[in-house]
Amino acid sequence: MNLFNEFAKDLRVILDDLATGGDLPAGLDLSKVTVEPPRDPSHGDLSTNSALVLSKQAGRKPRDIAELLAARLRALPDVTSVEIAGPGFVNLRLSDDTWRERVGDILVAGVTYGNGSIGAGIAVNVEYVSANPTGPLHAAHARGAVVGDALASLLEKAGYTVTREYYINDAGAQVEVLGRSTYLRYREALGETVEIPAGMYPGEYLKDVGAALAERDGAKWLDASEADWLPVTRDFAIEQILAGIKQDLADLGVRNQVFSSERALIASGAVEDAYQSLVEQDLIYTGVLEPPKGKKPDHWEPRPQTLFRATQFGDDVDRPLKKSDGSWTYFANDIAYHLDKYRRGSSVLIDVLGADHGGYVKRMQAATTAVTGGQGSLDAKICQLVHLLQNGEPVKMSKRAGTFVTLRDVIDQVGRDVVRFIMLTRRNDQTLEFDFAKVTEQSKDNPVFYVQYAHARCCSVLRHAQDADPARSLAPEDLAATAVLARLSSPEELELIKLMASWPRVVESAAQAHEAHRIAFYLYDLAGAFHGLWNKGKDDTTMRFLLDEDPELTTARLALVKAVSIVIASGLDVMGVEPVEELRG
RNA sequence: GGACCCGUAGCUCAGCUGGAUAGAGCGCUGCCCUCCGAAGGCAGAGGUCGUACGUUCGAAUCGUAUCGGGUCCGCCA
C-alpha cells in the first residue's frame, strides 16, 4: 500500500466535505494538489500544497484554507500533529506505529511489495535493442538492452501490461550486403582464397557463418547466380546471427518476448496499409525538399518525392516514404511497424533507441500520432553513449580494424549483474562511463557493491540469528506475526522504515516517468541508511541487531532486517539483478 | 544553417514532473577507531544550479533568447 496515496484520498474527501459545507466553492480543480514527503524531514512526514494551489480558485488566502484543512486533518486517526508552515504548506506527522506497520506489510508482501496498480488496464509496448542482424551485439548495445528490459519490468511492477519487443531490420540494403559478405566466406570455407572488398562486412564472425553454410549445403551455390544464392546466404546469415544475439541477450538476462520481422511486415502488406491510411487523411503529397543548410550539398539534386506531412504534427520537415526506385523507405516501414504494435493492443509505445537516433524521434512521433488517429502515443528513450574505460583510460575500438568490444566480452569480464546495475546508474540521456576496473571494485563509490553488500549484511545477520537459535523461525510471515514492532524506536530505525515505506511511491513515479534508473538511486539510498544503522552498532552495542539479553527487541530488529532485504531484493528484481546472500573476495 | 540531448560542489552525478535552507559519492580538512558484525566511522569546508529576461504565491525544474559540449541532418537502417 502506498501511504501517500491513502492520505491523498483522505484529503480529497475533506476537500469535498468543505465544499459541500460551503467553506470552499464547489467544483475546484484538484489536479495540482499533491501529498508528498517534504524535502526536509524536519517539516514532517507528509506535506500538502493544497492551500497554495487552491487559494486563487477559492478566492481565499492560503493560510485560511490551510487552517480549515488542518482542523480536519487533525481528526484523522493516524495523524499526531498538523502544522501550517511557510507560505501555506500543511505538514502532517504520523504516529510511529503507522510507520512501523509498514514493516509488517513488507514481510507479508515479500518481493511483491511495491507492486502498484496505476498501470491497470493500460498496455505498453517497450521496444528495445532492435540491433541490425548483421553482426553480434557490441558493448554499446548493453545500455539499451538493460534500460529497456528494466523499464519493462518496472512498468509491470506498477501494474501495466507490457510487451517486450525486438524489431528485426531484416529488409533493405544492409542485409543484402550481409548476404554477399556471407557468400564470400562461404566460398572461403570451401577452399577459395577471398578478399573482402570495402563496403562488405569484414568481421571474423562471418567466417563461422560461411563455414556453417558450407557444412549444410556443400558446394551447391558455387556456380549458382546471385539471384539464386543471395536469398539463401542472406536468410541463413540473419538466422545464425540472430541466434547469437538471442543467446547474448539471454545471458544478459534480457528477455524480449516478441521478435518482429521488418521483412515479414512488408510482405504482409502492412506498409501499403499504413500508407493508404495516411493517403485517406490527406497527409501524403508529392513535393521537393529543400537541401539541408550548412551541410555540404555534395550531390544534392532537387527531386520530387512522396512525402508525409510530418510538419502538421510538429516535425521540422515533411519526410519521404518512397525511394526513387519505388520501394519503401525505412521510415515508411517503421510507420507500419508502429501501427502494427498499436493494433496489437498497445496504446502506449516506448522505443529505446541509441544516441544516433535522436533526430529520428520527432518524425516517428508525428507518424504514430497520425497513423493511430491520435489514440497512440510514442515515448522515445534515447540512450546516450557509453564510454568504456580501463582504469580511466579509454578502451580503443575501431570498427574498421574489427577491434570492437562485444557485449559478450563485457559480460564475461564483469558479470551480468554488474553490467545491468551500472547501466542503470545514469539517466538514459546522460553519457555513461563504464570503467572495467571501477565497476568490480569493492568500495562505497561502487553502487553495485554497496547495494549488494547491504543485502548480504542482512542475510548475514539472519544467518547468525539462526545459528544462535536453530529453533527460531525467520520466515517473514512468522516474523510479521511475532515481532513487537513498537520496540523499533530509535530515530535511525524509524528513518529506515520511512524510507522503505516510500518504495511503492518510488515505483509509481518512476513508472510514470518511464525512468528505471530511479530504482538504482533509491536502492543506493536505502543501502546507505542500512549501513548507517549497522555502523551505529559498532560503537553502541545496544544498537546491534542481535542482543542476547533482549530477545523481544532482537526479534523486532530481525523483522526490520528481513524487511530491508526484501525491499532491496524487490528493487534488484526490477533491475534484473540477482541479490547476493554473501560477498566473496 | 537546423533539430534533439546535456550544462548543478574541484571531479562523477542525483534532484521525486513547480515547492520551504539545492543533495550523494569521490577528493579535500579535522577528529576518532584498529573493533573482527568483511566497504573503516564521525564531523566540516566547498554552489549567485552556464548566462539573461519572462511566466507566478514560489523556478535547478516551465517559456524565450544566448553561450559551451555531444548526437544527428533527402531515397542508410
Side-chain angles (χ1 to χ4, degrees), chain A residues 32 34 36-40 42-43 47 49 52-53 55-56 61-62 85-89 91 130-132 134 167 169 171-175 262 288-295 300-303 305-307 315-317 319-331 333-334 354-363 380 382 384-385 425-433 441-447 449-450 453-454 456-457 460-461 464 502 505-506 508-510 512-513 515 517-518 520-522 524-525 528 531-532 534-539 541 544-546 582-585:
Chain A
K32 295 184 108 174
T34 61
E36 50 191 19
R39 188 168 291 173
D40 183 345
S42 71
H43 290 140
S47 177
N49 62 356
L52 293 163
V53 172
S55 166
K56 187 168 275 183
K61 284 187 225 160
F89 290 103
N91 298 330
S130 296
N132 290 342
T134 53
Y167 184 45
N169 300 132
Q174 291 189 6
V175 290
E262 182 182 6
V288 180
L289 290 177
E290 295 288 313
K293 289 172 182 151
K295 215 191 155 199
W300 179 275
E301 36 183 295
R303 202 185 296 254
Q305 298 181 94
T306 302
L307 299 171
D315 199 359
D316 312 301
V317 292
R319 305 290 179 176
L321 296 184
K322 282 185 181 176
K323 302 180 196 172
S324 50
D325 69 357
S327 66
W328 299 112
T329 58
Y330 177 82
F331 178 50
N333 295 342
D334 218 7
D356 53 341
H357 284 68
Y360 188 69
V361 174
K362 271 192 181 181
R363 82 188 66 167
I382 299 292
Q384 284 301 326
L385 303 174
T425 55
R426 291 282 180 276
R427 217 159 13 110
N428 63 280
D429 42 20
Q430 190 75 249
T431 57
L432 182 151
E433 291 192 353
E441 191 175 276
Q442 302 207 343
S443 72
K444 191 170 182 177
D445 64 330
N446 179 0
F449 170 77
Y450 195 62
Y453 189 28
R457 271 183 164 170
S460 166
V461 171
H464 277 109
S502 72
R505 190 184 135 77
V506 170
E508 193 172 293
S509 58
Q512 280 175 323
E515 291 184 352
H517 74 275
R518 293 190 195 181
F521 284 92
Y522 171 79
Y524 188 78
D525 287 346
H531 288 309
W534 176 289
N535 289 329
K536 283 277 179 220
K538 280 190 165 179
D539 29 61
T541 53
R544 294 192 165 207
F545 300 114
L546 306 178
E582 50 187 329
L583 295 170
R584 296 168 203 282

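Chain A is the first sequence line, chain B the second, and so forth, proteins listed ahead of strands; every chain is numbered from 1.
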> Work out how far the C1' atom of B:A9 is from that of B:C26, and round it to whole angstrom.
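It comes out at 12 Å once rounded to the nearest Å.
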> Is it the case that the base of B:A77 and the side chain of A:Thr329 share a donor-acceptor contact (distance under 3.5 Å, atom types as modelled)?
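Result: no qualifying N/O pair found.
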> What is the nucleic acid contact for A:Phe545, judged by heavy atoms within less than 4.0 Å: base, sugar-phosphate only, or nothing?
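Base contact - A:Phe545 has a heavy atom under 4.0 Å of at least one base atom.
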> Send over the distance from A:Arg457 CZ to B:A38 C1', rounded to a whole Å.
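Atom-to-atom, A:Arg457 to B:A38, this comes out as 7 Å.
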> Roughly how many Å apart are B:A59 and B:G54, using the P atom of each and rounding to a whole number?
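The same atom, P, in both gives a distance of 12 Å.
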> Ignoring hydrogens and geometry beyond distance, is the side chain of A:Asp525 in donor-acceptor contact with the base of B:A14 at under 3.5 Å?
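No, the side chain and the base share no sub-3.5 Å donor-acceptor pair.
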> Out of B:U71, B:A14, B:G37, which has the shortest distance to the side chain of A:Phe521?
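For A:Phe521, the side-chain atoms sit closest to B:A14.
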> Do any side-chain nitrogens or oxygens of A:Arg544 fall under 4.0 Å of OP1 or OP2 in B:G37?
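No, A:Arg544 has no side-chain N/O under 4.0 Å of OP1/OP2 on B:G37.
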> Which of parallel (below 30°), tilted (30 to 60°) and perpendicular (above 60°) describes A:Tyr453 and A:Phe449?
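Ring orientation, 0 to 90° scale: parallel.
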> Just checking A:Ile382: base, sugar-phosphate only, or nothing, at a heavy-atom cut-off of under 4.0 Å?
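Counting heavy atoms under 4.0 Å across all strands, no contact is made by A:Ile382.
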> NA contact type, A:Val53, heavy-atom cut-off 4.0 Å: base, sugar-phosphate, or nothing?
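Base contact.
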> From B:A20, B:G15, B:G1, pick the nucleotide closest to the side chain of A:Glu515?
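Looking only at side-chain atoms, A:Glu515 lies closest to B:G15.
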> Hey, which of these two, A:Asp40 or A:Glu433, hits RNA chain B nearer its 5' end, going by closest nucleotide?
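So the residue in question is A:Glu433.
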> Could you work out which one of B:A20, B:G19, B:A77 sits closest to the side chain of A:Asn49?
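Among B:A20, B:G19, B:A77, the one nearest the side chain of A:Asn49 is B:G19.
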> Does A:Arg427 get its side chain close enough to the base of B:C13, under 3.5 Å, for a donor-acceptor pair?
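No, no donor-acceptor pair under 3.5 Å.
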> Closer than 3.5 angstrom, by distance alone: can the side chain of A:Ser47 be matched with the main-chain N or O of A:Pro38 as a donor-acceptor pair?
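Checking the backbone N and O of A:Pro38 against the side chain of A:Ser47, no donor-acceptor pair under 3.5 Å is found.
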> With a 4.0 Å cut-off on heavy atoms, is A:Leu321 in touch with a base, just the backbone sugar-phosphate, or nothing at all?
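Touches nothing.
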> Does the side-chain ring of A:Phe89 sit on the six-membered ring of the B:A20 base, less than 5.5 Å centre to centre and under 30° in tilt?
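Yes.
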> Can you tell me how far P of B:A20 sits from CD of A:Glu36, to the nearest Å?
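For the pair A:Glu36 CD and B:A20 P, the rounded distance is 10 Å.
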> Please determine if a side-chain N or O atom of A:His464 lies less than 4.0 Å away from the OP1 or OP2 oxygen of B:C36.
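Answer no for this pair, as no side-chain N or O of A:His464 is under 4.0 Å from OP1 or OP2.
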> Has the side chain of A:Asn49 got a donor or acceptor atom that lies under 3.5 Å from a matching backbone atom of A:Lys32?
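Yes, A:Asn49 side chain to A:Lys32 backbone: donor-acceptor pair under 3.5 Å.
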> Is there a side-chain polar atom (N or O) of A:Lys56 under 4.0 Å from OP1 or OP2 of B:C57?
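Indeed, a polar side-chain atom of A:Lys56 lies that close.
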> What's the gap between B:G44 and B:G2 when it is taken at their C1' atoms, as a whole Å value?
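Looking at atom C1' only, B:G44 and B:G2 are 49 Å apart.
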> Within the structure shown, what part of the strands sits under 4.0 Å from A:Ala510 by heavy-atom distance: base, sugar-phosphate, or nothing?
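Nothing: the residue A:Ala510, judged by heavy atoms under 4.0 Å, touches no strand.
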> For B:C4, does either OP1 or OP2 sit under 4.0 Å from a side-chain N or O belonging to A:Lys362?
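Yes, such a contact exists.
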> Can you tell me how far P in B:A52 sits from the matching atom in B:A60, rounded to whole Å?
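One P to the other, the span is 13 Å.
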> Within the side chain of A:Asn446, is there an N or O that forms a donor-acceptor pair under 3.5 Å with the backbone of A:Gln442?
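Absent.
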> Within this structure, what is the CG-to-P distance between A:Leu432 and B:C6, rounded to whole angstrom?
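Interatomic distance, CG of A:Leu432 to P of B:C6: 15 Å.
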> State which of B:A39, B:C13, B:A77 makes the closest approach to the side chain of A:Tyr450.
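Within the option list, the nearest is B:A39.
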> Under 4.0 Å, counting only non-hydrogen atoms across every strand here, what does A:Glu290 touch: a base, just sugar-phosphate, or nothing?
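A:Glu290: no heavy atom of the nucleic acid under 4.0 Å.
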> A:Gln430 side chain N/O closer than 4.0 Å to the phosphate oxygens (OP1, OP2) of B:A14?
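For A:Gln430, the contact criterion (side-chain N or O under 4.0 Å from OP1 or OP2 of B:A14) is met.
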> Checking all strands, does A:Asn91 fall into the base, sugar-phosphate, or nothing category for heavy-atom contacts under 4.0 angstrom?
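Base contact - A:Asn91 has a heavy atom under 4.0 Å of at least one base atom.
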> If stacking means aromatic ring centre less than 5.5 angstrom from the base's six-membered ring centre, planes under 30°, is A:His43 stacked on B:A20?
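Yes, the aromatic ring of A:His43 stacks with the base.
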> Of the nucleotides B:G74, B:A38, B:G19, which has the atom closest to the A:Tyr453 side chain?
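Selected nucleotide (nearest to the side chain): B:A38.
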> Using atom P of each nucleotide, how far apart are B:C11 and B:C53 to the nearest Å?
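It comes out at 26 Å once rounded to the nearest Å.
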> Taking atom C1' in both B:G68 and B:G23, what distance in whole Å separates the two?
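25 Å, rounded to whole Å.
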> Rounded to the nearest Å, what distance is computed from the CG atom of residue A:Asn132 to the C1' atom of nucleotide B:A77?
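Going from A:Asn132 (CG) to B:A77 (C1'), I get 5 Å.
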> I need the CG-P distance between A:Asp316 and B:U71, as an integer number of Å.
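Result: 20 Å.
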> What is the distance from NZ of A:Lys538 to C1' of B:U34, rounded to the nearest Å?
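It is 10 Å, rounded to the nearest whole Å.
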> Across the strands shown, which category fits A:Phe449 at heavy-atom distances under 4.0 angstrom: base, sugar-phosphate, nothing?
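Here A:Phe449 touches the backbone only, sparing every base.
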> What's the closest nucleotide to the side chain of A:Asn535 if the choices are B:G74, B:G41, B:C16?
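Nearest to the side-chain atoms of A:Asn535, counting from C-beta on, is B:G41.
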> Do A:Ile382 and A:Asp429 have side-chain heavy atoms sitting under 4.5 Å apart?
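A:Ile382 vs A:Asp429: side chains apart.
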> Can you tell me how the ring of A:Tyr167 sits relative to the ring of A:Tyr330, calling it parallel under 30°, perpendicular over 60° and tilted otherwise?
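Tilted.
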> Which whole-number value in Å describes the distance from A:Phe331 CZ to B:A77 P?
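Atom CZ in A:Phe331 sits about 14 Å away from atom P in B:A77.
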> Classify the nucleic acid contact of A:Ala355 as base, sugar-phosphate or nothing, counting any heavy atom under 4.0 Å across all strands shown.
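The answer is sugar-phosphate, as A:Ala355 gets under 4.0 Å only of primed atoms, P, OP1 or OP2.
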> Looking for any heavy atom pair under 4.0 Å, which part of the strands does A:Ser509 touch: base, sugar-phosphate only, or nothing?
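Sugar-phosphate: the residue A:Ser509, judged by heavy atoms under 4.0 Å, touches backbone atoms but no base.
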> For A:Val175 and A:Asn169, work out which heavy atoms get closest and say how close.
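Taking every non-hydrogen atom into account, CG1-O, 3.6 Å.
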> If I take atom CZ in residue A:Arg39 and atom C1' in nucleotide B:A14, what distance separates them, rounded to the nearest angstrom?
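These atoms are roughly 11 Å apart.
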> Go through B:G41, B:G74, B:A77 for me and flag the one nearest to the A:Asn169 side chain.
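Closest of the options to the side chain of A:Asn169: B:A77.
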> Quick one: on RNA chain B, does A:Ser42 or A:Asn446 contact a more 5' nucleotide (nearest heavy atom)?
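First, find each residue's nearest nucleotide; the 5'-ward one identifies A:Ser42.
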